Amino acid sequence: MENKYNPQKIEKKWQEYWEKNKTFETPKKVSIYNKFYILPQLPYPSGSGLHVGHAEVYTACDIFARYQRMKEKKVLQVIGWDSFGLPAENYAIKTNIHPRISTDKAIDNFRSQIKSLGISVDWDREVGAHNSNYYKWTEWFFLLMYKRGLAYRKKQAVNWCEGCKTVLANEQVVEGKCERCETEVVQKEMEQWYLKITDYADKLLQGLDNLDWPEETKKRQKDWIGRSEGAEVDFKISGSTEKITVFTTRPDTLFGVTFMVLAPESKILQNLRKKIENWQEVEKYIEKTKLKTELDRQIEKEKTGVEIKGIKAINPVNNEEIPIFTADYVLAGYGTGAIMAVPAHDERDFDFAKKFDLKIKQVIAPFRVSESDPPKKGKKWTHRQAVECHVYDKKTDKYLFLKYVNVNWNAVVTGGIEENETLEEAGKREILEESGYKNVKFIRQIGASKRVNFYHPVKDDNRKLIFTPLLFELINEEREKIVEEELKIHQPLWLSLEEGKKFVNVDNVVDSLKDLEKNNYCFAGDGVLINSDFLNDLDIKEAQEKIIEFLEEKGLGKRKIQYKLRDWSVSRQRFWGAPIPMLINEELKTKKYNYLFIHGFSSTGLGNFRKWLKQELENRGHNVTTFDLPNTDKPNVIEQTNYILNNFNCDENTIIVAHSLGGPVTYRLLEKINKKVAKVVLVDPVVFPEFVDRERSAVDTSDSFKFDFELVKNKCDDFVILGEKNPSVIFRKDLEYLRNVLDARIVITNPTTEHFCAFEEPSILEECLLLGIKPIPEKDLPVILPDDVDFKPTGQSPLNYSKSFNEGIEKKYGNGWKREPDTLDTFMCSSWYYYRYLDPHNDKEFASSEMLKKWMPVDFYLGGPEHVNGHLLYARFFTKVLFDAGYIDFDEPFKVNRHQGLILGPDSRKMSKRWGNVINPTDVVNEYGADTLRVYEMFMGPLEADKPWDTNGVKGVKRFLEKVWNLQEKISKKFSSEETDKIIHKTLKKVGEDLEKMQFNTAIAKMMELSNFLQKQEKISEKNFELFILMLSPLAPHLTEELWQKLGHKNTLSFENWPLFDPTKIIENKILIAIQINGKVRTNIEINSDANESEIEKKALADENVKKWIEGKEIKKIIYIKDKLLSIVV
RNA sequence: GCCCAGGUGGUGGAACUGGUAGACACGCAGGACUUAAAAUCCUGUGAUAGUAAUAUCGUGCGGGUUCGAUUCCCGCCUUGGGCACCA
């Protein structure tokens, strides 16, 4: 047959047509109303080629893009390459082929494979992360972070993979192993670059609320950020000025603290070294911990640790002396690396206490004891309410009644055993008095009748009362009804172990009572405070509020929010990545400097933090000069500057530390000196003239307050500005201004008191000591990744050994300066690629503000769920930084985000060479055609679901497309059929709705139904066939373009309007109504669609089948659901 | 251990807001065409009973609410995923 469906031929034809005519070039004229940015996730161009999973992502995005074009949207769709990374480098090590060569080859292969799918992207905008015109901007982003105080270098324990010889981010460690090579990850102390993503923890958390993302994804990010509210509490160390600060989410249990634990890596341990009597033993333990891998620490269930002898901690609330331990169950990286241990209410502390035989002090009672009714539903139990409840005994399947009888003769409580009364009798009597049940049968005593740790809130009476739990059976005939009624009004026993359950299992009650008593278990549920002085009788929430108030008032601690999120380690000791555009000078790091402190308004040379800072710097061998400047209460900038000029010589060894009004003095000073200074640390500096306008009266305004910042800038290469997170005096926008004119780095910190007036502020010391690091000037970007490199991993960065990379650096940037040899994590490249797509050829900016305004944010993003806590978080972080830096006016990059599911092999296992179940999409294209692959992949199931490949399913789809192709023989211009119209328009309606929601599988099913119907028809009108082609075109573009052309159209159908269904054509005049009798469908009746309820009722009741079912019965009720069913209740 | 999402024919999956469960596809069975096979087309296809009309059962299990539950509530089982000594 000549006119046979030949996908290979027509697909090639149309792909060439689209390319030649630039059909999918990005539209230039767009508005925020009609722009539509569709983003398929950035692929890593692996050497093994395209995977069916890639095809799924591109097809889904492409269908959506084509659909949106037909809805008259202006679509931006681009594909690029995440082309830096380890696999290419590992391949290079094995084969000695340069990664650039293998990567470019892999990209060419990928590109042609993607093109063969008929994806409608603008190929002129393709980008590759490994190209210098791309990574120039990756480097630029790093500098942006650095200048905003968000990139820092720090020596600390990092995840090290011996297999890859590199550092890994937390996100790249899976179950203690490297995600790539599955080598066990070890901890290693290394100096690394970090991005301060933790500064954005709160913004990243809050931003989630307004995103149209899968709920689960949002939740996972939330969990990963891990915000927890609590308090920081200071514990003094007896006979020492040192203190241990801990973070706790349960400050309410402070009275139950019986020991403290420090992480082995904790610095406090080193600081206290001299006082520790058993240092050798402690040190041995620390060393032992270092050797353990993450995995070991996780697997080991048994608690280990060492008591630190010679020092004790003092519990701030009751001044009790408690022992201090070091143990590896406390993590150095979370909170302060130290904990207060409450063994009675924390399982880990409990295990530790058991092992080391430590005191366990209960401060929370699981339920309250009292004498009246249980609380009404929705109300909490109070201490006035009796402990008695209905319980359900699973074993005997009986509803029982649990009653606690007070057997403490002397206790000041109601009830209790009266003289000559047995326990049983007392119980019965109390039940009668309190609950009104007359017929109760004693079953047995459950639990010990000894001391139960219940608290009774009689004034100032901390006695423990003795209760005996007794079990009764209600033998009233209406027992169960009573129980049910009770449960309707009252909530079940407030026993946290069984919270939320209607009935309490008797056995659990018994066990919990016994165990609590013997302290064999630790109680971590809800309850009421006991043994806690002024917190007694409060519930947990109330107690938390009260204790935090108390701590803050007494200066013993403060409210604190802690995050699980850690800073992002971005440096890699590998070759195939973007170079870090920084310079390092080892000499400057260890050099001794002359520090000059310049104080602010109404202060003194050693005021505020300066006394402490001087001490710290001198301890490290530096010189510190301080002055009490003249007229500090009405300062005159010129006068103060001259004072300093007369008494101090600034030179290249000088580091100026200026606070507040010391800022302007510093600018004047720098204007006047001839030499450059080493560094200027501006701590919350005043910025003229903005500040003067506000605080005119505070200063002597005879100075002009105009500064030549261009001149000032030239006197130092290393300005840093420290600002407060919540500015109180100097505002952020003032500091931003200063940052710009001085090209300074700005660091926003969170000082303990306002305007950096604390006596100790670690961030200032940190900045004072941070030397020997400077950024490569922006104009020198990109730092080119050299080619003369030996790839062999040595643990040292390969760039160390590149001649061209290190040549001439000292000449260019000064003696002693060297290039940072590490490269950036590839996640940095993929954190901003969606911005580059907007303006890929721009060599002035990462993207022009015009383009950013026009296209962002992304309207639809499709990517794998594996990137939830990596890429998706980083991309949001980058965007928020850009927002704060004023580059963009939105702070979330992806409005809508969805994840595709995994395509499994035909055996329902993950596709892998190991199982031999890999399906190559290109094979499928070659055999069945791209349209078949596209439609099949979408027909398999919902986009988000994991689904197995089925070779026969592919054939079924091919059959469907063939049927559509063959329908052209039935076209008849004059023909018309109302029935066909109806089905076409119904399908149109459904397909439109489904494409909108990306429910491709059901849309395809509906079109299959349509083609099955049309196949049975003699003829089809041309109009109806066109409608069918148009609605199928986003899914099978090649086939439909060909058919469209055969119908005589000259242009591509890509921009045809999406056909709207005609509502008048889908009206049914006869409808089928289901007739239910007692909820079961017995028959269907056909009625006119305009029939009213009584007509239907009449017709239904006349039906033979219905008659049969209702015969001799009384009709109680008839329910009619419009156009659907009629339910008759008899 | 904690958290989340699922569990529907032989299979992948459909089912609007509580309203005829199993659309569509695969597979299977029977038939047509063919010397034959493939391809294609037609018919049937949840289980049980029955020639059939039809009836009963049926959405992981056990209960509940309702005229009516895959859908809502309670309890349990199970699969997959995430986090994991996070104080």
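Letters A, B, ... are given to chains in the order of the sequence lines, protein chains preceding strands, and every chain is numbered from 1. Note that the structure is predicted; figures quoted are calculated from it, not measured. FYI, side chains are in, hydrogens and waters are out, and symmetry mates aren't considered; it's all heavy atoms of this structure.
Looking at heavy-atom distances under 4.0 Å, A/D349 makes no contact with the nucleic acid at all. Nucleic acid contact class of A/R1082 (heavy atoms, under 4.0 Å, all strands): sugar-phosphate only. Contact annotation for A/E232: no contact, since no heavy-atom pair falls under 4.0 Å across all strands. Nucleic acid contact class of A/K1080 (heavy atoms, under 4.0 Å, all strands): sugar-phosphate only. When heavy atoms are screened at a 4.0 angstrom cut-off, A/D351 is found touching no nucleic acid atom at all. If you check every strand for non-hydrogen atoms under 4.0 Å, A/K963 touches sugar and phosphate atoms only. Among the atoms of the strands shown, none is found under 4.0 Å from any heavy atom of A/W949. Nucleic acid contact class of A/G335 (heavy atoms, under 4.0 Å, all strands): none. In this structure, A/P865 reaches neither bases nor backbone, as no heavy-atom distance under 4.0 Å exists between it and the strands shown.
The number of heavy atoms from other shown groups lying within 6.0 Å of CD (A/E1086) is above 12. Residue A/K989 places its NZ atom among 12 or fewer non-hydrogen atoms of other residues, nucleotides or ligands, all under 6.0 Å distant. Counting non-hydrogen atoms of neighbouring residues, nucleotides and ligands closer than 6.0 angstrom, the NZ atom of A/K288 reaches no more than 12 such neighbours. Residue-environment remark: NZ (A/K243) stays at or below the threshold of 12 foreign heavy atoms within 6.0 Å.
Considering only the side chain of A/R220, B/G82 comes nearest among B/C85, B/G82, B/A87. Between B/A23, B/C57, B/A5, one nucleotide has an atom nearer to the side chain of A/E1009 than all others, and that is B/A23. Distances from the side chain of A/I1119 to the nucleotides B/A14, B/G19, B/A87 place B/G19 closest. Closest to the side chain of A/P942, from the set B/A14, B/A87, B/A55, is B/A14. Nearest to the side-chain atoms of A/R959 among the listed nucleotides B/G13, B/G19, B/G27 stands B/G27. When each of B/C26, B/G13, B/C83 is scored by its nearest atom to the side-chain atoms of A/W224, the top-ranked nucleotide is B/C83. With B/C85, B/C26, B/C24 as the candidates, the nucleotide lying closest to the side chain of A/D328 is B/C85. When the nucleotides B/C67, B/C24, B/U56 are ranked by their closest atom to the side chain of A/S1127, B/C67 comes out on top. Counting only heavy atoms from C-beta on, A/F939 has its side chain closest to B/A25 among B/A55, B/U20, B/A25. In this structure, of B/A15, B/G19, B/G12, it is B/G19 that holds the atom nearest to the side chain of A/L1125.
Put simply, the side chain of A/Q1076 and the base of B/G19 share a donor and an acceptor less than 3.5 Å apart. For B/C16, the base has a donor-acceptor partner in the side chain of A/K1124 [N/O atoms by modelled type, under 3.5 angstrom]. Contact of A/K1116 with B/C67 (side chain to base): no donor-acceptor pair of N or O atoms is detected under 3.5 Å.
Using atom P as the reference point in both B/A39 and B/A29, the two lie 13 Å apart (nearest Å).
Regarding the sugar-base torsion, B/G9 falls in the syn class, its angle being within 90° of 0.
For A/K1117 and A/K219, each mapped to the nucleotide of RNA chain B holding its nearest heavy atom, the one lying further toward the 5' end belongs to A/K219.
Here B/A14 presents its C1' atom at 13 Å from CD1 of A/I1004, a figure rounded to the nearest Å. We find that CE of A/M938 is positioned 14 Å from P of B/G13, with the value rounded to whole Å. Here B/U20 presents its P atom at 16 Å from CD1 of A/I1128, a figure rounded to the nearest Å. Distance, A/I1077 CD1 to B/U56 C1': 16 Å, rounded to whole Å. For the pair A/N1078 CG and B/G19 C1', the computed distance is 15 Å after rounding to whole Å. Rounded to whole Å, the distance from CZ on A/F235 to C1' on B/A87 is 12 Å. Rounded to whole Å, the distance from CE on A/M940 to P on B/A25 is 17 Å.
Between A/K219 and A/D223 there is a salt bridge, since at least one side-chain N of the basic residue sits less than 4.0 Å from a carboxylate O of the acidic one. Remark: A/R227 engages A/E229 in a salt bridge, criterion side-chain N to carboxylate O under 4.0 Å.
Base pairing annotation: B/A21 forms no Watson-Crick or G-U wobble pair, as no partner gives both donor-acceptor distances under 3.5 Å. Here B/U48 sits opposite B/A55 as a Watson-Crick or G-U wobble pair (both hydrogen-bonding atom distances under 3.5 Å).
Here A/F259 and A/F352 bring their ring centres to under 6.0 angstrom of each other.
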